[in-house]
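Report on one structure; see the data block that follows.
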2 protein chains.
Amino acid sequence: MAATPRGAGGRSSAQRAATPLTERRADARRNIMAILDAAQSCLARDTDASVADIAKAAGVGRVTLYGHFSTRADLVDAVLTRTVEQADVALDATDTTGDPRQALTRLVGASWQIVHQFRSVLQAAQRELPAERIRAVHDRILRRVQTIVDRGRRVGVFRDDLPERWLVTTVFSLMHAAAEDTAAGRLDAEDAARIISATLLAALAPPVADVPTATP
Amino acid sequence: MAATPRGAGGRSSAQRAATPLTERRADARRNIMAILDAAQSCLARDTDASVADIAKAAGVGRVTLYGHFSTRADLVDAVLTRTVEQADVALDATDTTGDPRQALTRLVGASWQIVHQFRSVLQAAQRELPAERIRAVHDRILRRVQTIVDRGRRVGVFRDDLPERWLVTTVFSLMHAAAEDTAAGRLDAEDAARIISATLLAALAPPVADVPTATP
DNA sequence: ATCAACCTGAACATGCGTGTTCGAGTTGCA
DNA sequence: TGCAACTCGAACACGCATGTTCAGGTTGAT
């Protein structure tokens, strides 16, 4: 008997705990990657692709897949994590110093491609995973945004009259909304980054000493 | 034989075509309302409440429910439509004339309660209904926003450098994002309307003649 | 060369929600 | 009063994706 190759307790994922992926057999590692690749592109196309679909696309037996990801949610989680990590890598190569406004613009530009391309992965995750988990996966990225926003506030180029958290939410919200609009054909993917940035910079700017309707 | 009381062809909904609801028997009308009420609150609590749950909550047999809504999607559609209509009624009582900025603020204030309370209904709909349908249901509300934005642009208090559609999307996006944040405990429902408005007014304001980093 | 780790297809177990049918009550309405 | 409209629970038909097990067959590491 050999059956399913669960490291030991057969906890979950593949890259957490148990057998650390790096010390697995070469073919296993290859398959895991193939599955992740397939899952990412399948989910990007169809939010609720079945496990069978994904296995087939990965050129792997369904059983093999379950050997690595004990549950569908497990798989989705892994794919989301991976996708976010990819975005995070892209951001590592992005200069987030200097004028916070320009830093934010660069950050948007660097993430937009991935947000746009894999918005369906996010949707799939939203159906499968608890909201807190999704938030947790985004943690590092969230922090990046927060750092920029925070610096901007201290420097005085970003508003200080609204909760910082909300400003971060605003950034995320608009990026994903743009992805939706693009998918629906209401927005051109080319212009998106520019438009998002323009909107965000305005939204985050300190409120001007308003010139009321009258009373000069 | 009497079985299921389908008006004639048994098309769908209950309030469209066929027997116009007004000329149905009193108990039927009552039940339909009860079902709609139950569905609205059930879905508000649990995004994927089963048809059985809803029927029970409505104090009605499952069969009866299917007699009125031939499919789950049908029911969800009806609930969404109804919820949006409720919001629309609230907006009918709202003054959307005068300064577009104030009009927008009032519009946000009037809709926030419903958006906040029934955000799960929207989520349920997003899983069950095609995106275009959801968009269509919101048509009248969308138009209201658009009207205000449009007027604001002509008057010069809203920006003209971004697609009008996008500005409308921005309004929606931020309202729903705030609803999410509130549900997650990251935002106080009391402050929400104020915060949303503040953010939107800034986002929609015409870009100021920017004072670049240097070069005075 | 050897053995464990790994892969495989097929079949099975199953749970769950949906939608339908049946046969027999109620109840609104004219 | 009487009939059609309406309701009821229970049972069934079903599809469908998930997860498991079986009984071999490969392949990678040492």
Side-chain angles (χ1 to χ4, degrees), chain A residues 1-8 10-12 14 18-35 38-39 42-43 46-77 124 127-129, chain B residues 1-8 10-14 18-35 38-39 42-43 46-77 124 127-128:
Chain A
M1 64 195 78
T4 50
R6 41 187 66 188
R11 212 79 82 267
S12 63
T19 353
L21 181 60
T22 57
E23 52 188 74
R24 296 188 150 225
R25 247 175 55 176
D27 53 347
R29 258 174 299 162
R30 247 179 305 153
N31 279 332
I32 292 177
M33 288 314 176
I35 292 170
C42 281
L43 291 178
D46 177 10
T47 302
D48 36 36
S50 75
V51 175
D53 294 336
I54 295 173
K56 191 191 301 175
V60 155
R62 213 160 53 92
V63 181
T64 301
L65 192 156
Y66 275 111
H68 293 302
F69 305 92
S70 57
T71 205
R72 186 205 158 81
D74 229 42
L75 176 58
V76 173
D77 188 302
R127 295 188 192 181
E128 211 93 28
L129 276 30
Chain B
M1 64 194 75
T4 51
R6 41 189 66 190
R11 214 77 85 268
S12 62
S13 264
T19 355
L21 180 61
T22 57
E23 54 188 72
R24 300 190 146 221
R25 247 175 54 177
D27 52 348
R29 257 175 300 162
R30 248 178 303 151
N31 278 334
I32 292 177
M33 288 313 177
I35 291 171
C42 280
L43 290 178
D46 178 11
T47 303
D48 35 37
S50 74
V51 175
D53 293 336
I54 296 173
K56 192 190 301 176
V60 155
R62 212 160 56 91
V63 181
T64 302
L65 191 155
Y66 275 110
H68 294 301
F69 305 91
S70 57
T71 207
R72 185 205 158 80
D74 228 41
L75 176 57
V76 172
D77 188 302
R127 295 188 192 182
E128 212 93 26

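Below, chains carry the letters A, B, ... as their sequence lines are ordered, and counting in each starts from 1.
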note: B:R29, atom CZ; C:dC29, atom C1'; distance rounded to Å ~ 11 Å
**Prompt:** Is any side-chain N or O of A:N31 closer than 4.0 Å to OP1 or OP2 of C:dC7?
**Reply:** yes
Subject >> Polar pair under 3.5 Å, donor/acceptor by atom type, side chain A:R62, base C:dT8 >> reply: no
A:M33 CE to C:dC6 P, in whole Å, measures 15 Å
B:Y66 OH to D:dC6 P, in whole Å, measures 20 Å
Here the distance between atom P of D:dT7 and atom CZ of B:F69, to the nearest Å, is 11 Å
From CD1 of A:I35 across to P of C:dC6 the rounded distance in Å is 13 Å
A:I54 CD1 to D:dG19 C1', in whole Å, measures 15 Å
query: Quick one: is C:dT8 close enough that its OP1 or OP2 comes under 4.0 Å of any side-chain N or O from A:T64?
result: yes
Rounded to whole Å, CG of A:L65 lies from P of C:dA10 at a distance of 17 Å
Among the nucleotides C:dC22, C:dG17, D:dT7, whichever has the atom closest to the side chain of B:D27 is D:dT7
Minimal heavy-atom distance between B:I54 and B:I35, with the atoms involved, is CG2-O, 4.1 Å
_Can you see if the side chain of A:H68 gets near the phosphate of C:dC6 - specifically, an N or O under 4.0 Å from OP1 or OP2?_
no
Using side-chain heavy atoms (C-beta onward) and a distance below 4.5 Å, is A:F69 in contact with A:D77?
no
What I want to check is whether an N or O donor and acceptor connect the side chain of A:R72 with the base of D:dG19 at under 3.5 Å.
no
| request: Answer with yes or no whether A:R25 presents, from its side chain, a donor or acceptor under 3.5 Å of a partner atom in the base of C:dA5. | output: yes
- Task: Check for a donor-acceptor pair, side chain of B:N31 on one end and backbone N or O of B:A28 on the other, with a separation under 3.5 Å.
- Result: no
Taking every heavy atom of B:T47 against every heavy atom of B:R72, the minimum-distance pair comes out as O-NH2, 4.0 Å
Residue pair B:R30/B:A73 against DNA chain C: nearer the 5' end by closest nucleotide is B:A73
Tightest non-hydrogen contact, residues A:C42 and A:A57, listed as SG-CB, 3.7 Å
A:R24 atom CZ is separated from D:dT27 atom C1', nearest whole Å, by 16 Å
Is the phosphate of C:dG19 approached by B:T71 (side-chain N or O, under 4.0 Å from OP1 or OP2)? yes
With the side chain defined as heavy atoms from C-beta on, B:A28 is closest, among D:dT7, D:dG28, C:dT8, to D:dT7
